[in-house]
Amino acid sequence: MEMIIAKWNYLVVVMLMMIGLFTVMSRQNLVKKLIGLTLFQTAVFLFYISLAKVDGGTAPIIVHNAVNQDVLYSNPLPHVLILTAIVVGVATTALGLALVLRINDAFGSIEEDQILAAKNSDYGRNDDNKGDKA
Amino acid sequence: MLDLAHIPVLVVLFPLLMAAVCALLPFRNIAWLLATASTGMGLLAAWTGLEAHSGERVSYALGGWPPPWGIEFVADGASLLVSTVVAGLSFISTIYAKSLIEKEIDEHLIGKAYAAWLLAVGGIQGIVMTGDAFNLFVFLEISSLATVTLISLGGRQDRRALIAAYNYLVIGAIGATFYVIGVGFCYAVTGTLNMADLMVRLPDATATAPLLVGFSFMVAGILVKAAVFPVHIWLPAAYGYAPSAVSTMLAAVATKASIYVLARIAFTIFDGLDDMVFLILEFVLLPLSVMAIFVGTILAIMESDLKKLLAQSSIAQIGYITLGFSLGNVLGVTAGFVHIVNHALIKGGLFMAAGALTVVMARRVSIDSLAGMGRAMPITSSAMMICGLSLIGLPLTAGFISKVYLVLALVSSASWWIIGLVVMSSALSLIYLWRIVEAMWMQPMPASGRVREDPLIYTPLWVIALINIWFGVDAGRVFRFAEQAAKAVGAGG
Amino acid sequence: MAPETAILVGIFAPLAVAALIPFLSFQANLRDAAGPVGALFSFVAALIVAKAVMTGASPSVTLVTISEGLDLTFRVTPAGAIFGCVASGLWILASLYSTGYMRGNKEKNQTRFAVCYAVAVHAAMAIAWSGNLMVLFIFYEVLTFSTYPLVTHKESREAINAGRLYMGILVGTSVVLLLPGIIWVWLVAGTLDFTNGGILANRLDPAHAPWLVALFAFGIGKVALMPIHRWLPAAMVAPTPVSALLHAVAVVKAGAFTMLMVMVYIFGIDFLADTGASEWLAWLAAFTILASSVVAISKDDIKARLAYSTISQLSYIVLAAALASSIAAEGGLVHIVMHASAKITLFFCAGAIYVGAHLNKVSQLDGLGPRMPLVFIAFFLGALSIIGVPPLGGSWSKLMIMTGSIDAGLPLMVAVLAVSSLLNVYYLLEPVFRAFFRPVNTDVKVDTPLLTVLPPVITALISVVLFFAINILTSFSQLMVMP
């Protein structure tokens, strides 16, 4: 119990991660899948950020009057990394949503089971889809 | 002409910079020319580096920040070899892509398609060149987002491409995130992200449990990207429904970079932790590889769509590469690298031929619809046969060399059962090739008669087919490069 | 011509023919002349090489180094010299004959046929003169692939199915068993060069030797050992010239030759004799000899009967190699020559009967002898040679193998060979007796082109000549088994 409380940040990370992954796998709705994916990625961001926290540390900013003094500060590197990762995550989500729009245009649905059904009935045979502009 | 010290960054920069230009260009021919020029320059740079390489490690500190603080690009035997393969195949497929992209992609999107194309190539080159574990993730995502865009362009021909692209996006993102989690663990233990620095510091770490977790996450993530069984599910649809030119480029180079990363993780980053690495290699990667070989082959035998058949066979071929890596010794990893080179050539050629057939027939190509095409398109079809025979490992083709070295590595590590399984599946691959052969050559010519073949399509195809023969007859060079690569990644302890 | 040049000429003349034929296809006569001319070049080269080998030399040429320790080297061994002469010499006749046959039958795709035919001979020559096991394997596979279009020449459903069986068994066994076997040898011995006395003695654990022998025995599918013999009868769907040259000479003899090379130059006869590693193979070969003879009796189709006879005769050579006695191995080499000339005669005759009278069943041959006397006399001589009756070549090889089996301490094999001869008498002489001793059949229209009659007569005469020229053959075979 002690340990769990001491490491509560990791607990949150793992829970978020599992919720995200479960959403991706269990939902039929393509947008909800993307939400799950974002949650999953966010959990990893939190993981990195919480790694950087040093107990009692301040923000890693050089203060002029503090030169040559021992100042305890948090590790800035993970923040920088996660900044990059957030950008990547945003791009992924954006692209994913754009694709969902196109899928909606093409299939008239964003529910995976309906899409699969449509795909099979219209395009089951390879010879039928000659230059189709669905 | 080229300063060797700059090669690591040049191979990445040429395509990346030109991608931005292409995206803005409204002229499709100029976009194609730029794409060809930049991939060609990339090839020149990578090849110069590989030729001049003498065993030492060339490091390029990005932005002047010295490693391990700054991001480092590394040119050594392994990265230069894979980079040359990527550059060479992307160059040839860019040339080949012109007429196919014009036929399969809407006119106003062509410039942007080339931009995504170059971004994908640049991202892959970045994956290969970077010496920083986190930077690798960024390049992984650059290439995979560009790839998703390219795959979704196949939606004009077949809307299933959109689903394939979406699935690849989601599965790929999960894989990449797994990799980042693993990197996070290693960073937590060592406080560094530089691969070379990690290699030095990891053995001193007192906490081994987080390292095992980190290693497993990293490997699992990369296995997804490399389409190793059983996390290959995105690959057949992605390659099958993408525009033909895109399938060619992806099949030839995309998974190769990820497989190379696998070797980097196992043998470079975790070099000092052999016990742990070999445990995972022997009890996870090796069985998975063997299963991949079988499942891929059997699925290919049952598949009726040509491009998907080739994609299924890629699963099996990736299994051969990872099988070599999973042996962990120099001979095995060398065999893996030899097959990286040869399989890029084989599958590149086969997908090119499949693309040529697709545009001529203007529909998805199933095995049945191939009937008599050997007589209707003899130039394309005979080059396809050469690549196909190379795939099943006919002597005097590149595929045979791969097979010989893989079996040699297996014999030397006395893995008799695995040899049996590998050669058996290799013989099984004859079945799916033969379905194509019988359809193409043993049927009368279709009523439409001889087809006028496009030299811009069949010339690159024939170049690849001839290289397949060349590397089958004169394999010493490839073998030496592969051995150098195996030693550079640090195989064999 | 220096022997080294002759090696290149002998191997690459057929390939040059193959490359030229498509450009000559506008003129059928020119195209069909390319084969015999190339064959003549090849044969002369083979004679020059054989002459050099007879004096004890072993000329060699290295083309390229494929990879470290893997040279594309041709080095002519005494056994190879003989096989090279057989393959190229019989190609002269076979290419003449195939011209007559293809034209007489008005087959389609004659150009493709001629190209693949020449490539197959190229591969056979390269196999004969290969300097190490890997080169042999390479051209073994090339031979399989180049003969596939010949087997499926008719492009009928039946032909395609036969092609599947052909490729499936030959490629399957070679990849699954032969290649690992070769690589095993490579790793154990550190070399794959054909060396007198073998390379495995003192290097291979004798307990592993029977397994390695098994990899080779079943890996060399072309030798058609039971139970992997099915491809050979299936391949008979091919036009008769293919069956004649390839499935009596080039392909199956390449298998038998590979077997002999592996046993003599890789394992070494002494090693096999000391370890007894191949004794089980001798029994399997004996079984194949008898079983396939029995099957042959039940076949009414002439070519199918000849195919099973070939399976039986190939196992003579396997038996000879497996006995681990030098006189038997010599007999095996001599049998390659004797059986080639005799069996090609029989196939030529079968083809001549098919082209001339459109008959392909034994039971249809009643009274046909007087109508096509030359063909049936040639058939008779070929059959006698296979049965082993003097003065025909086949008697020598059978005698040598019998001597070898006593030498190897397996006298029972003599009985096997004797029974097999009796069965041969039954199924090979039946067509001849039907043809000559039944009332003359005048219903059938007979029209035999000269090009299909002359080759079998010549090869039948060669079988007779070989009986008297045995000394030349044994001088090679003695060189082969010299330690």
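Computed from a predicted model, the values in this text were never measured in an experiment. Below, all heavy atoms of this structure are taken into account, side chains as well, without hydrogens, waters or symmetry copies. Order of the sequence lines fixes the chain letters, A, B, ..., with proteins taken first and strands second; residue numbering starts at 1 for each chain.
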Within-4.5 Å side-chain heavy-atom neighbours: A:Glu112 and B:Asn167: yes
For B:Val213, the side chain to side chain contact (heavy atoms under 4.5 Å, CB included) test, sequence neighbours excluded, returns B:Phe185, B:Phe217
About how many Å separate CD1 of B:Ile163 and CZ of A:Phe107, when rounded to the nearest 0.5 Å? 4.0 Å
How long is the straight-line distance from CD of B:Glu141 back to CG of A:Leu95, given to the nearest 0.5 Å? 10.5 Å
Does any backbone or side-chain atom of [X] lie under 4.5 Å from a heavy atom of chain B? Answer side chain, backbone, both or neither.
X       : value
A:Thr84 : side chain
A:Leu30 : both
A:Ala85 : both
A:Leu37 : side chain
A:Leu99 : side chain

Which heavy atom of A:Ala106 sits nearest to which heavy atom of B:Arg159, and what is that distance? O-NH1, 2.7 Å
Of all the heavy-atom pairs spanning B:Tyr166 and A:Lys33, show the shortest one and how long it is. OH-CB, 3.2 Å
Within the distance-only criterion (no hydrogens, no angle test), does the side chain of A:Tyr48 pair as donor or acceptor with the backbone N or O of B:Ile181 below 3.5 angstrom? no
With a 6.0 Å cut-off (strictly less than), is the heavy-atom count around [atom1] of [X], excluding the residue itself, greater than 12?
X        : atom1 : answer
A:Phe22  : CZ    : no
A:Met15  : CE    : no
B:Arg201 : CZ    : yes

Listed by chain and number, what are the salt bridge (charged side-chain N to carboxylate O under 4.0 Å, His left out) partners of B:Lys307, not counting sequence neighbours? none
Ranked by heavy-atom pairs below 4.5 Å to chain B, first place among A:Asn75, A:Leu81, A:Val13, A:Val100 goes to A:Leu81
What option among A:Leu77, A:Thr92, A:Leu51, A:Val24 has the most heavy-atom pairs under 4.5 Å with chain B? A:Thr92
Measure distances from B:Ile142 to the heavy atoms of chain A and classify the residue's part below 4.5 Å as side chain, backbone, both or neither. neither
So for B:Asp132, is it side chain, backbone, both, or neither that comes closer than 4.5 Å to the heavy atoms of chain A? neither
Evaluation steps, side-chain contact (heavy atoms from CB on, under 4.5 Å), between A:Gln41 and B:Ile174: CA-CA 8 Å; A:Gln41 288 178 330; B:Ile174 293 176; over 6 Å; no
Apply side-chain contact (heavy atoms from CB on, under 4.5 Å) to A:Val88 and B:Phe137, showing your working. CA-CA 9 Å; A:Val88 171; B:Phe137 158 75; 4.1 Å; yes
